[in-house]
Protein chains: 2
Amino acid sequence: MRTESKPTIQDVAKHASVSIATVSRVINNQGGVRAETEKRIVHAIKELGYVRNAVARSMKKKETKMIGIIIPDINNPFFPLVVSGIEQQARKKGYYTMLSNTSESPIVESEIINILVERGVDGVVITTADEYGKQFQILQEQGIPVVALDRRINEYNFDSVLIDNIDGAYQATKQLILQGHQDIAIICGPHSTTPGRDRFAGYLKALSDYEIPLNDQFVVQGSFSEEGGYSATRTLNELEVRPTAIFSSNNLMSIGCIKALQDLEWRLGEEVAFIGFDDIEIATFTKPKLSVVSRPMNALGELAFQLLHERILANEVFSPRNYLLSPELKIRESCHLGNIRLNHKRS
Amino acid sequence: MRTESKPTIQDVAKHASVSIATVSRVINNQGGVRAETEKRIVHAIKELGYVRNAVARSMKKKETKMIGIIIPDINNPFFPLVVSGIEQQARKKGYYTMLSNTSESPIVESEIINILVERGVDGVVITTADEYGKQFQILQEQGIPVVALDRRINEYNFDSVLIDNIDGAYQATKQLILQGHQDIAIICGPHSTTPGRDRFAGYLKALSDYEIPLNDQFVVQGSFSEEGGYSATRTLNELEVRPTAIFSSNNLMSIGCIKALQDLEWRLGEEVAFIGFDDIEIATFTKPKLSVVSRPMNALGELAFQLLHERILANEVFSPRNYLLSPELKIRESCHLGNIRLNHKRS
DNA sequence: GTGAAAGCGCTAACAG
DNA sequence: CTGTTAGCGCTTTCAC
């Protein structure tokens, strides 16, 4: 039912025999219009099926009440949870959120940033796919408020809401050590990302604090994906001396790891202990249940929006705020090995 | 670093000593500009940090190259997967997608639709939270192409891409029957939704085809959520005669159901068989592995965008296309009961 | 209370 | 090849 062309404020004005200025007043509830006139206008709006054109409006007002959210992987359940937190707060303050997914592609990310800037979003919350990229330049130039979420953005002074990844990994590794493990492997994420690097650092720190020498063979790399965790676990399985415990750096990797364990018949909880970064749905369905490092997703999102909002409202420039939220170690069952003996070759 | 105010095409023109028309030609790669002039303009653009204002542009062009995607639950993994399919196709055709989440709230949905219309999206793909609502009126009036995805929209002639829910549920139930089950319970979703109703219909049809009388006690209701599945399962567990098999209508409900089974120590695969609608991550981590009805998420999304795109491009009005994709039954381990005896009181 | 008119930044004829 | 100009639909003074 393609109508001729959408009715404009002009049409409404004509229909109600008033000027467009008066119609505008009514549309925006500015008052100062005689009740009778208003009624006529409201009637005309209904009759014509008029809808205010937000594009034209933004053009005058120089604000869009839209904020962009850019995430790297919509299929990683972590992000939808964070997004919910942002949305919730944004809605309260009358902002509309546009969510975009880069699928970890710096190119796509760059395109999206450009589109958002062109469309004049009032601010953006981003978990970047490329910490060192130049794609943020334009945001900075245009003076658009940005909050970096979960992944640091180097060389730009944006606000940030991050997780203390070092601490999280440290706690997990420490827990494993206290359970008597010495041969602890880590499935690392890409070192090109803050979380990848930091979680490795936390692992290292725990080993060092408890004077356990680092065994290079127990450090395997992968992308933050199921496949990454799967193949890393296979690698680990082929070692002459297999680790007695595995720390996985990311939720998707954990899934891949557990799948591999099953496929390889490398018995979780009997032959190998496990702690993963991020809580996952399957954690309580495996046997034994998985111990994990859990992040406050909702809080992360809420805080991010709050910071963004403050900056949108602010007139002056002020220095960046950097928040570091603490993850929580959720000990379930997978981190100790019952009565099965550990290798302890080195002790 | 809030700049004075963003540079416009005017500023660029002045800076390069040309007219705005020429700048516009360069910006839009329309050619017909002397190389030397172009270079000067490009230089000016760089120098000033100019970015084309898409708001103003859309205002002239009457197209935004944006399509809106509205989903009811971003935390249900089904939707991100569908969204990926849409995004992928949209990107190929030069469209940018704005994703919005209604959290199953008709009110929020209505607001979002209004915002999208005001912003002049070229089309919208929607999985509605309210099949019978009036919120679509505005889309129809404005002649904005709409594709209903996964949930039918009644009383409006939009294109639709749905799943054959009846068939999916039928297959699942039939499978259970063929395994020898007679006491088959169904955990239903809300009857206010197409999937809720249709899946129940498929269940009914299978029972009827195999001449198994319907037992009202085996039909329990719940919302499409983990909680819904959990409490429904508890209800089932309290029956004097418990079912020997459960068909769960939705992925989240399946998770809740399995959790309840664990908590109640109602042994999956021994005391009760299970098939769920939608494949879920945990399906292969439970013991036994869960049999499920699986939907082609990606195909669903791709097709939806394709239909939308055709309509955006079309000038004439043509009648709605309705697609019904078939789900696939993935038989794993949870639908037979090994050598445990079935009730068979009625046989 | 209401209206006239000046743009917001851009595109697209239409002239040169 | 390049410039002039007329809007797109709306908000917002400034008059009446």
Side-chain angles (χ1 to χ4, degrees), chain A residues 3-42 44-45 48-66 114-115 117-122 142, chain B residues 3-42 44-45 48-66 114-115 117-122 142:
Chain A
T3 30
E4 272 317 301
S5 78
K6 301 176 185 174
T8 73
I9 198 172
Q10 291 282 2
D11 302 322
V12 176
K14 207 166 297 168
H15 205 86
S17 312
V18 292
S19 76
I20 57 170
T22 309
V23 176
S24 176
R25 287 187 189 102
V26 171
I27 296 170
N28 297 294
N29 287 307
Q30 291 177 327
V33 176
R34 206 193 316 161
E36 201 265 313
T37 315
E38 172 156 359
K39 195 160 23 165
R40 229 169 50 235
I41 294 175
V42 170
I45 290 178
L48 267 45
Y50 168 76
V51 186
R52 147 145 111 348
N53 181 329
V55 174
R57 176 170 219 260
S58 294
M59 183 151 167
K60 285 274 341 166
K61 307 255 302 183
K62 307 316 197 57
E63 67 162 29
T64 56
K65 283 284 183 183
M66 295 201 302
N114 277 291
I115 291 171
V117 171
E118 286 184 359
R119 294 232 92 83
V121 289
D122 293 345
Q142 304 287 315
Chain B
T3 29
E4 272 316 301
S5 78
K6 300 178 186 175
T8 75
I9 199 172
Q10 291 282 2
D11 301 321
V12 177
K14 207 166 296 170
H15 206 85
S17 313
V18 292
S19 75
I20 58 169
T22 310
V23 176
S24 177
R25 288 188 188 101
V26 172
I27 295 170
N28 296 294
N29 285 308
Q30 292 176 325
V33 177
R34 204 193 316 161
E36 202 264 315
T37 315
E38 171 155 0
K39 197 161 18 162
R40 229 166 53 233
I41 294 174
V42 170
I45 290 177
L48 267 44
Y50 167 77
V51 187
R52 143 144 112 353
N53 181 330
V55 174
R57 175 171 219 256
S58 295
M59 183 151 170
K60 281 271 352 163
K61 307 253 305 181
K62 296 341 192 43
E63 66 162 30
T64 56
K65 283 286 185 180
M66 295 201 304
N114 277 292
I115 291 172
V117 171
E118 286 184 0
R119 291 240 157 266
V121 290
D122 294 343
Q142 305 287 313

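When reading the values below, keep in mind they use all heavy atoms of this one structure, side chains included, and skip hydrogens, waters and symmetry mates. As the structure is a computational prediction, the values presented were derived from the model and not from experiment.
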- Within a strict 4.5 Å, meaning less than it, do heavy atoms of the B/His15 and B/Val12 side chains meet? no
- Message: Can you give me the closest heavy-atom contact between A/Glu63 and A/Asp122, atom names plus distance?
- Response: CA-OD1, 3.7 Å
- Message: I need the CG-P distance between B/Asn53 and C/dT11, as an integer number of Å.
- Response: 9 Å
- Message: Show the nearest heavy-atom pair for residues A/Thr8 and A/Tyr50, with the distance to one decimal.
- Response: C-CE1, 3.5 Å
- Query: Quick one, which residues of residues 30-37 of chain B touch DNA chain C with a heavy atom under 4.0 Å?
  - Reply: B/Gln30
- Output yes when at least one side-chain N/O atom of A/Asn28 is less than 4.0 Å from OP1 or OP2 of D/dT11, else no. yes
- Message: What is the distance, to the nearest angstrom, from the NZ atom on B/Lys14 to the C1' atom on D/dG3?
- Response: 15 Å
- With five pairs defining each end axis, the helix from C/dG1-D/dC16 to C/dG16-D/dC1 comes out bent, to 10°, by 40°
- Message: Please give me the minimum heavy-atom distance between A/Val51 and B/Gln142, naming the atom from each residue.
- Response: CG2-NE2, 3.1 Å
- Task: Can you tell me the distance, in whole Å, between the OH atom of B/Tyr50 and the P atom of C/dG9?
- Result: 10 Å
- Task: Rounded to the nearest angstrom, tell me the gap between atom NZ in A/Lys62 and atom C1' in D/dT12.
- Result: 14 Å
Name the pairs: protein N/O against N/O of nucleotides 4-7 of chain D, kept only if under 3.5 Å.
from, atom 1, to, atom 2, distance (Å)
D/dG7, N2, B/Lys60, NZ, 2.9
D/dG7, N3, B/Lys60, NZ, 3.3

- Message: Expressed as a whole number of angstroms, how long is the span from B/Arg52:CZ to C/dG9:C1'?
- Response: 12 Å
- A/Met59, nearest nucleotide to its side chain (from D/dC10, D/dG9, C/dA12): D/dG9
- If you round to the nearest 0.5 Å, how far is CE of A/Met59 from CG of B/Asn53? 7.0 Å
- Choosing from D/dT12, D/dC10, C/dC10, which nucleotide comes nearest the side chain of B/Ala56? C/dC10
- For residues B/Ser58 and A/Arg119, is any side-chain donor paired with an opposing acceptor at under 3.5 Å? yes
- Kindly determine whether B/Lys39 and B/Val42 satisfy side-chain contact (heavy atoms from CB on, under 4.5 Å), including the steps that lead there. CA-CA 5 Å; B/Lys39 197 161 18 162; B/Val42 170; 5.7 Å; no
- Whole-Å distance, A/Ile9 CD1 to C/dA5 P, equals 16 Å
- Query: Hey, is NZ on A/Lys65 packed in by over 12 heavy atoms from elsewhere, all under 6.0 Å?
  - Reply: yes
- Message: Quick check on DNA chain D: between A/Thr8 and B/Ser17, whose nearest nucleotide comes earlier from the 5' end?
- Response: B/Ser17
- Closest non-hydrogen atoms of B/Arg40 and B/Val18, given as atom of the first, atom of the second and distance, are NH2-CG1, 3.4 Å
- Where is the tightest heavy-atom contact between B/Ile9 and B/Ile20, given as atom of each residue plus distance? CD1-O, 3.7 Å
- Item | Minimum-distance pair of heavy atoms, taken over all atoms of B/Ala16 and B/Ala44 | CB-CB, 4.1 Å
- Task: Grab the NZ-C1' distance between A/Lys61 and D/dT13 for me, whole Å please.
- Result: 14 Å
- Using a heavy-atom cut-off of under 4.0 Å over every strand shown, decide if B/Val55 touches base, sugar-phosphate, or nothing. nothing
- Message: Could you tell me if the side chain of A/Asn28 sits less than 4.5 Å from the side chain of A/Arg52, heavy atoms only?
- Response: yes
- Query: What's the NZ-P distance between A/Lys39 and C/dT2, to the nearest Å?
  - Reply: 13 Å
